[in-house]
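Here the structure comes first, spelled out in structure tokens, and everything after it is commentary.
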Protein chains: 2
Amino acid sequence: MEDELYDLADLFKVFGDSTRVRLLYELLSGEKNVGDLSDALNMNQSAVSHQLRLLKQSDLVKVRRDGKSMYYALSDDHVESIIKIGMEHITEKKK
Amino acid sequence: MEDELYDLADLFKVFGDSTRVRLLYELLSGEKNVGDLSDALNMNQSAVSHQLRLLKQSDLVKVRRDGKSMYYALSDDHVESIIKIGMEHITEKKK
DNA sequence: TGAACATATGAACAGTTGAACATATGTTAG
DNA sequence: CTAACATATGTTCAACTGTTCATATGTTCA
């Protein structure tokens, strides 16, 4: 159990960055390629690509190639659940 | 919405550290004082106190004083939900 | 009041991290 | 094959973070 808590912290570390959270949020509405994501976040391609890599490593997103583009998508719906509950905490806190 | 994503990242940042996650986990079984928590994590009192402060600031824990001791407890059950879903992601990933 | 205890706070230092820049890899069309 | 495009990777650096040590604050009890 102790070990799992370390893995858990590592997982949340991934959610603990605004760039990555915004990427995940963008992907809630469906798969997108790197260019789309760079535009959406208004960040350079390299930064986005680096962060997508981390998301991939944590199995939060999956990728498929289509021609020259790489399409990223959420890998399962835990992501949506986690974001949803986090949001609840935030909005309740503001009351 | 954009703003909320930054707050969300800040929230997860708090979960993204093993010391803090372990503290939250300890508190799942009920309120504990700082000494108990230091012993449980085998960390010095100062480090634990510093981290508890962050947890407090994020409204993840609440405190009450009883004599010389400060008793910390989870402030609501979002914490439990978040940990639970995170764990699910991890265990599914291992399959 | 003052000693002993429990916790909090401040400062400093090492380790980590995200972004930017440059460049490499991989793909398609001509 | 090669130019143009899309994405990935390596490196560097400033900013941030967690722990430790020292010390301050707050509480109880004799």
Side-chain angles (χ1 to χ4, degrees), chain A residues 2 5-27 30-75, chain B residues 2 5-27 30-75:
Chain A
E2 191 70 6
L5 292 175
Y6 285 89
D7 293 340
L8 193 62
D10 285 338
L11 174 64
F12 288 126
K13 221 167 276 182
V14 179
F15 283 87
D17 172 78
S18 59
T19 298
R20 290 189 293 268
V21 165
R22 287 191 298 152
L23 286 171
L24 293 172
Y25 182 79
E26 285 296 322
L27 296 178
E31 66 171 13
K32 296 199 169 61
N33 65 34
V34 180
D36 291 341
L37 292 168
S38 306
D39 290 348
L41 302 205
N42 196 32
M43 290 183 67
N44 75 59
Q45 176 269 322
S46 177
V48 169
S49 184
H50 275 295
Q51 297 308 329
L52 286 170
R53 186 147 95 100
L54 294 187
L55 292 174
K56 179 81 193 314
Q57 284 171 350
S58 308
D59 278 325
L60 296 176
V61 302
K62 55 189 175 188
V63 206
R64 72 179 178 84
R65 179 181 282 282
D66 181 15
K68 294 177 245 178
S69 297
M70 300 293 273
Y71 282 85
Y72 283 82
L74 299 182
S75 61
Chain B
E2 191 70 5
L5 292 175
Y6 285 90
D7 292 340
L8 193 61
D10 285 338
L11 175 63
F12 287 125
K13 222 167 276 182
V14 179
F15 282 87
D17 172 77
S18 59
T19 297
R20 290 189 294 267
V21 165
R22 288 192 297 152
L23 286 171
L24 293 172
Y25 181 79
E26 285 296 322
L27 295 178
E31 68 170 12
K32 296 199 170 61
N33 65 35
V34 180
D36 292 340
L37 292 169
S38 305
D39 290 348
L41 303 204
N42 196 31
M43 289 183 67
N44 76 56
Q45 175 269 320
S46 178
V48 168
S49 184
H50 276 297
Q51 298 307 331
L52 286 169
R53 187 148 94 102
L54 293 187
L55 293 175
K56 180 81 194 315
Q57 284 171 351
S58 308
D59 277 325
L60 296 175
V61 301
K62 55 189 175 188
V63 206
R64 73 179 178 85
R65 178 181 282 282
D66 181 15
K68 295 177 245 179
S69 296
M70 300 293 274
Y71 282 85
Y72 283 82
L74 300 182
S75 62

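This one's a predicted model, so the numbers in the text were calculated from it and none came from an experiment. In the text below, chain A, chain B and the rest are named by the order of the sequence lines, each starting its count at 1.
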Rounding to an integer number of Å, can you tell me how far B/Glu31 CD sits from C/dT7 P?
12 Å
To the nearest 0.5 Å, what is the distance between CD (B/Glu26) and CG (A/Leu5)?
8.5 Å
Just by protein heavy atoms under 4.0 Å, how would nucleotides 20-30 of chain D read 5' to 3' in B, S and -?
BBB---SBS--
Which residues, if any, of residues 16-23 of chain A bring a heavy atom under 4.0 Å of DNA chain D?
none
Nearest whole Å is fine: how far is D/dT19 P from B/Asn42 CG?
13 Å
How long is the gap from CG on A/Leu60 to CG on A/Leu27, to the nearest 0.5 Å?
10.5 Å
Rounded to the nearest 0.5 angstrom, the CG-CG distance for A/Leu8 and B/Asp17 is 11.5 Å
Contacts under 3.5 Å, N or O only, protein and nucleotides 13-15 of chain D:
none

Let me have DNA chain D in dot-bracket notation, would you? Count Watson-Crick plus G-U wobble pairs, both distances under 3.5 Å, and use [ ] for pairs crossing earlier ones and | for inter-strand partners.
||||||||||||||||||||||||||||||
Members of residues 51-59 of chain A that approach DNA chain D, where some heavy atom sits under 4.0 Å away:
A/Arg53
Only distances under 3.5 Å count here; give the side-chain donor-acceptor pairs of residues 33-48 of chain B to other protein atoms, sequence neighbours excluded, each with its distance to 0.1 Å.
{"residue": "B/Asn33", "atom": "OD1", "partner": "B/Gly35", "partner atom": "N", "Å": "3.1"}
{"residue": "B/Asn33", "atom": "OD1", "partner": "B/Asp36", "partner atom": "N", "Å": "2.8"}
{"residue": "B/Asn33", "atom": "ND2", "partner": "B/Tyr71", "partner atom": "OH", "Å": "3.4"}
{"residue": "B/Ser38", "atom": "OG", "partner": "B/Val34", "partner atom": "O", "Å": "2.9"}
{"residue": "B/Asn44", "atom": "OD1", "partner": "B/Ser46", "partner atom": "N", "Å": "2.9"}
{"residue": "B/Asn44", "atom": "OD1", "partner": "B/Ala47", "partner atom": "N", "Å": "2.9"}

Can you name the ring-ring contact (aromatic ring centres under 6.0 Å, His included) partners of A/Phe12, sequence neighbours left out?
B/Phe12, B/Phe15
What pairs meet the salt bridge (charged side-chain N to carboxylate O under 4.0 Å, His left out) rule with one or both residues in residues 51-64 of chain A, with sequence neighbours excluded?
A/Glu31-A/Arg64
Does B/Ser69 reach a base, just sugar-phosphate, or nothing at all? Heavy atoms under 4.0 Å.
sugar-phosphate
Taking only residues two or more places apart in sequence, or in another chain, which ones meet B/Gln51 in a side-chain hydrogen bond (donor to acceptor under 3.5 Å, both in side chains)?
B/Arg20
Give a yes or no on whether the backbone of A/Gly67 and the side-chain of A/Arg65 come within a donor-acceptor separation of less than 3.5 Å.
yes
Please name the pair of heavy atoms, one in A/Ser58 and one in A/Val14, separated by the smallest distance, quoted to 0.1 Å.
OG-CG2, 3.1 Å
Options C/dA8, C/dT17, D/dT7, nucleotide nearest the side-chain atoms of A/Lys13
C/dT17
On the nucleotide D/dA6, are OP1 or OP2 found under 4.0 Å from the side-chain N or O atoms that A/Tyr72 carries?
no
Touch class at under 4.0 angstrom, heavy-atom based, for A/Tyr71 against every strand present:
nothing
First locate atom CG of B/Leu52, then atom OG1 of B/Thr19, and finally report the distance between them rounded to the nearest 0.5 Å.
10.5 Å
Nearest whole angstrom, please: distance from the C1' of C/dA6 to the CG of B/Asp39.
12 Å
Gap separating the OH atom of A/Tyr72 from the OG atom of A/Ser49, nearest 0.5 angstrom:
5.5 Å
By salt bridge (charged side-chain N to carboxylate O under 4.0 Å, His left out) - contacts of A/Lys32 (at least two apart):
none
Using whole Å, what does the distance between atom P of nucleotide D/dT7 and atom CG of A/Leu37 come to?
9 Å
